[in-house]
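Working notes, structure below.
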Amino acid sequence: MSNEIEKVVIIGSGCAGLTAALYTARAQLKPVVLTGAMPGGLLTTTSIVENFPGWPEGIDGTELMINLQQQAERFGAEVRFGSTVEKVDLNERPFKLTVDGEPMLAQTLIVASGAGHRHLGLESEKKLDKKGVTYCATCDGALPMFRDQPLVVVGGGDSACEEATYLTRFASKVYLIHRRDELRASKVMAERALANDKIEPVWDSEIAEILGEVEDKVTGVRLKNNKTGEENTLDCAGVFIAIGHVPNTQIFEGQLDQDDAGYILRQEGSRTNVKGVFVAGDCSDKVYRQAITAAGMGCAAAIDAERLLASEDQ
């Protein structure tokens with residue numbers, strides 16, 4: 001194992017991770033950012049971000065993340081693209097990480113690993129993944145297989161409304177399927193979606209099966225009404241699932257305290273139950289889950305890490 005010990009290692013490169021990188025880099029701590037499989041995090045799957053302060057006309061999600069990355073790099077942050085943490089040992093400092101099969105030592109660790117897409121849990125969903133089943137409208141909505149075709153969006157929150165609205169650019173019709181009788185999205189997002197002529201809400205319903213296994217592509221969905229038990233089918237060429245997220249915290253199980261859903265528990269500020277390990281962003285936030293709150297948490301984690309290191313240098 002290399003004897004080099006990084007002062008700050010940041011797991012994740014979303015708003016939380018890159019803001020933490022910016023602050024620790026400006027403190028001359030030379031942070032190393034491990035991006036994982038999705039550089040920039042989930043915000044790169046969003047089209048226009050309208051609620052990040054300082055952008056009155058909104059900004060493309062990927063562009064925002066590139067800007068944050070370049071800002072952190074300007075002050076000396078090292079961003080390692082595609083580097084994935086496979087294992088951690090937090091029993092003593094320096095912490096031992098296994099990154100793409102190679103060892104790494106870290107004096108402090110900022111966990112900003114974010115969250116992944118929640119799945120329906122259907123066997124047909126697995127079989128038709130990438131064959132019409134997708135979790136990102138902005139990534140896949142413009143594909144030829146979806147153009148001028150009826151599409152389905154599952155969910156009732158802001159993400160589902162944004163996905164449905166975005167898909168109206170390409171689809172002949174968008175069915176917005178929600179298990180309740182009203183959307184839980186913010187008022188502005190819900191009103192925007194429901195006012196769109198191309199979007200048809202399907203209330204009190206859940207997908208029982210995604211159809212198309214024989215054809216090896218999505219051809220429709222079988223729906224079940226939660227109130228009546230009645231089933232019916234809808235023809236569609238794609239199913240876009242937007243039902244929430246699962247925190248990417250599995251590798252920390254048994255070492256960092258988590259709640260029942262897997263979110264890492266914060267103690268004072270950004271501290272965890274392990275001294276020297278700090279947490280920020282969606283992997284520890286199931287309440288707000290906004291880009292700006294993730295950035296603020298990344299700032300806090302960076303300051304906490306900097307202060308710990310400074311106190312140990314004295």
Side-chain angles (χ1 to χ4, degrees), residues 42-50 58 60-62 117-228 230-244:
L42 285 180
L43 207 63
T44 59
T45 68
T46 302
S47 53
I48 299 298
V49 180
E50 297 179 321
D60 177 80
T62 299
H117 297 288
R118 187 179 299 279
H119 293 205
L120 295 174
L122 301 173
E123 190 63 30
S124 54
E125 174 189 12
K126 293 180 183 178
K127 291 180 178 179
L128 292 170
D129 188 18
K130 297 182 177 64
K131 299 175 182 179
V133 173
T134 177
Y135 303 86
C136 177
T138 54
C139 305
D140 303 325
L143 292 175
M145 64 188 294
F146 298 135
R147 286 185 177 270
D148 300 317
Q149 299 293 322
L151 302 176
V152 159
V153 173
V154 185
D158 280 359
S159 295
C161 289
E162 182 178 20
E163 300 260 289
T165 302
Y166 178 78
L167 288 172
T168 59
R169 304 181 189 182
F170 315 104
S172 60
K173 188 179 190 64
V174 178
Y175 296 101
L176 181 57
I177 298 173
H178 188 41
R179 59 184 177 178
R180 300 188 178 92
D181 58 4
E182 63 178 0
L183 298 173
R184 56 182 174 81
S186 60
K187 185 177 180 181
V188 63
M189 292 297 292
E191 289 180 347
R192 184 180 301 172
L194 296 177
N196 194 308
D197 292 338
K198 275 193 171 184
I199 297 176
E200 179 180 329
V202 181
W203 304 116
D204 301 313
S205 297
E206 295 187 47
I207 293 181
E209 182 185 9
I210 300 173
L211 307 175
E213 290 184 34
V214 173
E215 296 83 354
D216 203 32
K217 66 177 181 178
V218 170
T219 60
V221 293
R222 179 166 58 87
L223 300 177
K224 182 177 181 179
N225 186 287
N226 293 328
K227 291 184 175 179
T228 66
E230 180 184 352
E231 292 192 356
N232 68 295
T233 61
L234 284 176
D235 292 335
C236 67
V239 177
F240 294 75
I241 300 169
I243 57 173

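If you read the sequence from its start, that first residue is 1, and numbering goes on from there. Please read all numbers here as calculations on a predicted model, not as lab measurements.
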Taking it one step at a time, do S172 and D148 satisfy side chain to side chain donor-acceptor pair (under 3.5 Å)?
CA-CA 5 Å; S172 60; D148 300 317; over 6 Å; no

Determine, using ring centers only, whether F240 and Y175 are less than 6.0 Å apart.
no

Using modelled atom types and a 3.5 Å cut-off, is there a donor and acceptor pairing between side-chain atoms of T165 and backbone atoms of E162?
no

Set of residues satisfying side-chain hydrogen bond (donor to acceptor under 3.5 Å, both in side chains) with respect to [X], sequence neighbours excluded:
X    : result
H117 : none
T134 : D140
Y135 : H119, E125
D235 : none

Could you tell me the separation between the [atom1] atom of [X] and the [atom2] atom of [Y], rounded to the nearest 0.5 Å?
X    : Y    : atom1 : atom2 : value
L194 : E200 : CG    : CD    : 11.5 Å
S124 : K131 : OG    : NZ    : 12.5 Å
Q149 : L167 : CD    : CG    : 13.0 Å
N196 : T168 : CG    : OG1   : 4.5 Å
L183 : H178 : CG    : NE2   : 6.0 Å
C136 : Y166 : SG    : OH    : 8.5 Å

So, using side-chain contact (heavy atoms from CB on, under 4.5 Å) as the criterion, who are the partners of [X] when residues are at least two apart?
X    : value
T44  : M38, T62, M65
A142 : R147, F170
K126 : E123
K187 : E191

Within the 4.5 Å heavy-atom criterion, are [X] and [Y] side-chain neighbours or not?
X    : Y    : value
V133 : I241 : yes
V49  : L43  : yes
V202 : S205 : yes

Using the salt bridge (Lys or Arg N to Asp or Glu O under 4.0 Å) criterion, which residues pair with [X]? Sequence neighbours excluded.
X    : value
E213 : K127
K198 : none
E182 : none

If you look at every heavy atom in [X] and [Y], which pair is closest and at what distance?
X    : Y    : answer
S186 : D158 : N-OD1, 2.7 Å
G155 : L176 : O-CD1, 3.5 Å
A185 : G157 : CB-C, 3.4 Å
W203 : D181 : CE3-C, 3.7 Å
S159 : A242 : C-CB, 4.2 Å

Can you check side chain to side chain contact (heavy atoms under 4.5 Å, CB included) on V218 and L211, steps first, answer last?
CA-CA 6 Å; V218 170; L211 307 175; over 6 Å; no

Please report, to 0.1 Å, the donor-acceptor pairs under 3.5 Å made by any side chain of residues 220-228, with sequence neighbours excluded.
unit_1, atom_1, unit_2, atom_2, d
R222, NE, E209, OE1, 3.2
R222, NH1, E231, OE1, 2.9
R222, NH1, E231, OE2, 3.2
R222, NH2, E209, OE1, 3.3
N225, OD1, K227, N, 2.8
N225, OD1, T228, N, 2.9
N225, OD1, T228, OG1, 3.4
N226, ND2, R179, O, 3.0
N226, ND2, E206, OE2, 3.4
T228, OG1, E230, N, 3.2

